[in-house]
*Asks:* 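Below you will find the structure I want to go over with you.
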Amino acid sequence: MATVKINGKEITVEDGTLILDAARQAGFEIPTFCYQARLSRLGSCRMCLVEIGGQRKLQPSCVTPVLHGMEVFTENETVKSARSSMLEFMLANHPLDCPTCDKGGECELQDFVFKSGPRHSPFDEWKRRFHEKDEILSPIIVKNHNRCIHCERCVRICDEVVGVSALGGIGRGAKTQETSFWNTTLDCDHCGNCIEVCPVGSFMSLAYRYKSRPWDLKEADTVCPYCATGCQITIGARNGEVVRVRSKSATGINKETLCSRGRFGYHFMQSEKRLTKPMIKKGGRLVECSWEEALSAIKQRFGMGRKTAGIASTRLTNEELFVFQKLVRDVFKTNNIDLDSRFANKWVTSAMVDVCGFREGGVSIFDALKADTIFIIGSAISDENPITDYLIRTTASDKRKTLILAHPRRLKLNSSATISLKYKPANLGDVVKGIVDFIEKGKDKAEGDIDAAALRFKNASTITIFLGADILRLDNGTDVLENIAVLKTLLKKTGKNINCLPLFDRCNQRGAISMGIHPLFLPGFKKSEEEGMDCGEILNAAKNGEIESLYVLGEDIVSMYPDARFAKDAVSKVKFLVVQDTFLTETAKMADVVLPGVTYAEKDGTFTNQEGRVQRVRKIISCVGGSKDDLSILDNIGGFGYKSAKDVFDDIKEEAPSYKDILFDALNNTGVLVNGQGTGGMSQEPGVRSQRQEAIDYSEYPFQVITGNHLFHSGRLSQKAHVLVKLLAEPFVEISDEDAKELGLSDKEVVIVKSKEYEAALKLRVVKGSQKGVAFIPENFDSVSVNRFYTRGEGMARVKINKL
Amino acid sequence: MLSTQAIENIKKAIAKYPTKKSASMDALMIAQKECGHLTEDILLEIAHLLDMPPVQLNQVAAFYTMYNKRPVGKYHIQVCTNISCSLLDSEHIVQFFSKRLGIKKGETTSDKKFTLSEVECLGSCGTAPMMQINDDYYENLTEAKVEEILKTLK
């Protein structure tokens with residue numbers, strides 16, 4: 001520990017603390033430009049100069065650590081005058097076009113000059129000028145080089161955190177331009193983090209350009225509705241219209257970062273395709289009707305008991321999902337309730353709950369990343385959970401750590417991985433089995449990659465295993481998860497510390513399971529007395545005419561269930577189908593009653609992210625058109641009398657013990673991790689699993705299909721956000737370079753992808769280093785819905801790819 | 001496109017360093033020797049060889065004035081105008097060249113023979129004013145000497 005005196009105030013801090021941090025702890029603000037907590041230290045802007053007692057020259061406090069007994073001055077005349085001079089130099093080349101700059105009002109340069117800058121400039125020379133018109137650097141970035149102050153935050157965040165290295169300082173001295181490789185359109189992740197970290201108006205968002213001044217915005221902190229990383233976002237609305245989403249540098253697990261979906265995927269909220277009026281089927285056609293008519297139709301016609309079922313999306317809040325399960329169980333009197341129609345079966349989700357220890361409470365990702373060995377399996381993490389990818393990349397830059405990344409596709413994170421394991425999707429289980437075998441048999445010589453990974457496990461002391469949602473889609477997912485459980489026990493026996501975290505691709509998947517949106521358990525994982533049917537079973541029953549009423553809340557079964565034809569056929573046999581959604585989805589088109597719900601910006605509630613962190617969703621705009629808050633719709637049908645999300649949360653606290661200690665009103669930007677509720681281990685013996693078919697000959701279809709979200713999209717929701725559509729509008733098929741070479745195909749060529757069920761022409765993407773015999777098709781496009789390739793019961797789609 | 005020989009040389013340069021990126025300056029020079037100046041395609045090719053993001057390679061290429069980003073003539077005249085040389089009136093030398101060849105700083109003659117550039121210190125301050133033409137130094141320059149030198153350049 002070191003004791004230092006800052007402006008006469010004594011403070012004791014850890015050895016090696018930067019003077020800047022120590023001063024901030026002591027309550028003195030030091031202005032900075034190039035300093036950004038999670039980036040490498042540059043010390044180039046010289047704004048943070050401080051005087052150190054006994055040293056002749058001023059020192060940059062963002063790169064100088066404290067020493068015991070040091071005396072630091074941050075507010076004296078010398079420092080103030082240096083600060084003012086540095087700003088004077090920056091302004092010498094700054095165009096001072098604040099009235100037309102988007103950053104005006106929240107510009108760091110503006111603020112610092114206002115506070116401590118010079119009021120006059122002796123510079124008489126011409127200012128440098130790169131261009132007259134702003135340059136459009138990508139579909140989301142507009143760049144003004146003239147305003148740049150060369151703090152290089154954009155360059156460093158792109159390289160160190162996002163891992164793309166798309167930006168660089170080209171040129172030298174004042175003529176440097178922070179831009180793309182050849183100052184041409186960027187081909188990058190389009191995450192917009194460069195815009196967020198830019199202290200001036202050099203990088204600007206094209207979508208937000210000239211839309212508003214910051215002081216005209218009404219802002220609310222809420223949670224991103226895309227993946228389950230649970231990033232904190234701040235939505236800004238002007239005159240009831242959402243105009244931007246940003247991240248704050250000190251807020252949430254994501255801090256200043258977001259991905260393209262989170263930052264630019266907000267336009268769906270006010271899309272003209274939104275459902276605004278309830279609809280009812282009359283004479284075979286859906287026609288608009290009043291809320292009374294729609295709701296009374298549901299109350300009269302929706303059945304009760306075994307022949308009813310409910311399927312919910314995992315993008316809804318905990319409160320809505322809680323009320324939904326209450327509606328299904330208490331009013332419709334059935335346990336036929338499931339989440340997400342993409343997953344294999346109820347046993348695999350239940351096994352995930354056990355293996356990841358949902359009952360044992362939440363695990364902070366920051367604690368999890370302290371482990372010396374990190375193992376990720378079954379998730380295209382760089383696409384599915386970009387912010388978790390950023391966090392892991394920053395962690396793995398510590399060479400003492402081991403990162404083992406197992407996925408068939410070559411991912412961005414592979415460049416940071418110590419060991420990259422490749423496998424064919426159907427053999428995912430073999431990877432885990434291989435590791436278990438190695439450790440069980442006490443081997444200590446590695447033959448091959450899997451053994452090498454196992455050896456790392458053996459030598460580790462703390463391990464974090466991330467389990468991706470790919471596992472939930474596998475029909476043998478339960479076997480994989482059982483093996484993970486065995487691995488956990490084996491490693492625990494040898495005194496290792498193990499954490500297991502899920503990587504989910506929908507914002508509230510963990511919350512949905514905890515709220516009892518599951519055929520096997522009630523809220524708080526209490527076993528339901530009677531085992532209900534999962535989505536697959538519900539559809540099967542529907543096909544046989546055994547489901548008369550089906551309530552679909554926000555889920556698009558027809559587009560998502562792996563076997564589109566089967567799903568459509570099954571849903572069409574349901575006598576009374578209610579769909580509550582924000583858009584007229586494929587499933588909604590078949591409904592008898594359609595209820596227009598609302599998006600996350602129009603409601604209050606909570607999401608539970610993959611760590612088990614409960615965070616507040618806050619309302620910022622009023623319900624679009626004649627749509628209604630999902631909670632009030634469900635409440636009206638059930639007649640429960642809930643007044644607000646908080647009312648529901650009080651009930652959740654009673655039913656789900658892990659939420660007991662959370663105070664709804666006190667939830668702040670960091671959220672609260674759920675508590676443990678005691679019981680661990682496998683709580684339910686898997687019953688009858690999906691029957692393995694006798695071996696099918698797939699030789700005609702050599703590619704195994706793997707699907708998931710593309711980096712720019714999430715489910716079908718992002719299709720309604722036009723900026724994201726601009727980034728990627730067309731579906732594609734991605735294969736390895738080896739396969740492409742064998743088939744004589746080249747990148748960007750249009751190919752025919754054919755499975756037993758379906759055939760489509762798709763653009764080809766060739767990726768070097770992906771697993772051979774695997775084809776990736778994103779699940780995000782209506783035009784070529786990936787679920788059409790699947791055959792129910794075969795688990796995985798197999799395709800062949802030919803020249804057009 | 002780089003020749004196999006150039007690629008071979010770049011690979012040899014890579015072998016000299018602990019990380020591939022470290023060979024970027026060598027590699028750029030090898031490429032420039034062969035192609036005269038560096039283009040987008042060449043940088044992409046080198047970045048691929050060095051396994052580094054292209055933008056980082058361009059950062060190196062753009063920082064140093066000795067990498068030509070535009071085509072240069074057969075003879076690249078690089079006059080030093082740093083402190084020692086300018087004290088001995090290197091500006092006059094530049095202007096003399098300018099008048100003699102009919103081009104301004106940074107330009108190339110229409111017959112693609114000469115390019116005139118102003119460069120930073122070449123480390124030969126003792127013999128200022130000086131210049132470099134392609135790989136050779138010419139020192140203690142005077143108008144007459146420059147005239148002499150120009151005659152030898154065919």
Side-chain angles (χ1 to χ4, degrees), chain A residues 40 42 44 128 130 135 137-138 141 143 145 148 150 152-190 194 203 393 397 399 410 412 414-417 420 737 747 766-769, chain B residues 1-2 14 17-25 27-29 31-32 35-71 78 80-83 86 104-106 117-123:
Chain A
S40 59
L42 201 62
S44 72
R128 80 177 169 185
F130 293 104
E135 284 174 358
L137 213 54
S138 86
I141 300 171
K143 177 94 209 289
H145 296 293
C148 180
H150 307 299
E152 299 240 313
R153 282 194 209 163
C154 52
V155 175
R156 283 176 291 153
I157 201 150
C158 193
D159 183 36
E160 294 164 19
V161 179
V162 184
V164 173
S165 311
L167 296 170
I170 307 296
R172 69 195 298 179
K175 288 186 186 141
T176 312
Q177 296 185 50
E178 270 69 28
T179 182
S180 60
F181 165 60
W182 213 252
N183 201 15
T184 44
T185 312
L186 276 168
D187 175 22
C188 65
D189 280 7
H190 301 295
C194 45
F203 277 96
R393 172 171 302 99
S397 64
K399 292 293 167 228
R410 160 101 196 166
K412 199 174 64 181
N414 275 116
S415 60
S416 299
S420 297
D737 56 339
D747 202 32
V766 179
V767 171
K768 200 178 158 192
Chain B
M1 277 294 279
L2 292 170
I14 291 171
Y17 300 98
T19 56
K20 283 183 167 185
K21 282 189 190 197
S22 312
S24 43
M25 292 191 68
L28 288 169
M29 208 32 117
Q32 176 163 309
C35 311
H37 73 286
L38 300 171
T39 60
E40 186 179 353
D41 290 340
I42 291 174
L43 285 186
L44 281 174
E45 204 180 336
I46 302 174
H48 185 72
L49 282 173
L50 300 179
D51 208 4
M52 71 191 283
V55 72
Q56 291 180 1
L57 188 70
N58 194 19
Q59 275 184 288
V60 177
F63 182 83
Y64 293 102
T65 51
M66 75 255 201
Y67 295 121
N68 305 324
K69 268 71 73 182
R70 269 183 284 169
Q78 302 153 65
C80 170
T81 52
N82 263 181
I83 191 77
S86 60
K104 285 195 222 106
K105 279 182 274 188
S117 319
E118 203 180 57
V119 296
E120 307 301 326
C121 185
L122 291 169

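Because only heavy atoms are used, hydrogens play no part in the values below, and waters and symmetry mates are left out as well, while side chains stay in. Naming convention: chains lettered A, B, ... in sequence-line order (proteins, then strands); numbering from 1 in each chain.
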*Asks:* Check whether more than 12 heavy atoms from other residues, nucleotides or ligands sit under 6.0 Å from atom CG of A/Asp747, and answer yes or no.
*Replies:* yes
*Asks:* Holding to salt bridge (Lys or Arg N to Asp or Glu O under 4.0 Å), I want the full list of residues that pass it with B/Lys105, two or more places apart in sequence or in another chain.
*Replies:* B/Glu118
*Asks:* Tabulate, in ascending numerical order, the residues of residues 52-59 of chain B having at least one heavy atom closer than 4.5 Å to a heavy atom of chain A, or enter 'none'.
*Replies:* B/Pro53, B/Pro54, B/Val55, B/Gln56, B/Asn58, B/Gln59
*Asks:* How would you list, in number order, the residues of residues 174-183 of chain A that have a heavy atom less than 4.5 Å from chain B?
*Replies:* A/Thr179, A/Ser180, A/Phe181, A/Trp182
*Asks:* Heavy atoms under 4.5 Å from chain B: which residues of residues 160-167 of chain A carry them?
*Replies:* A/Ser165, A/Ala166, A/Leu167
*Asks:* Under 6.0 Å from the CZ atom of A/Arg172, do we count more than 12 heavy atoms belonging to anything else shown?
*Replies:* yes
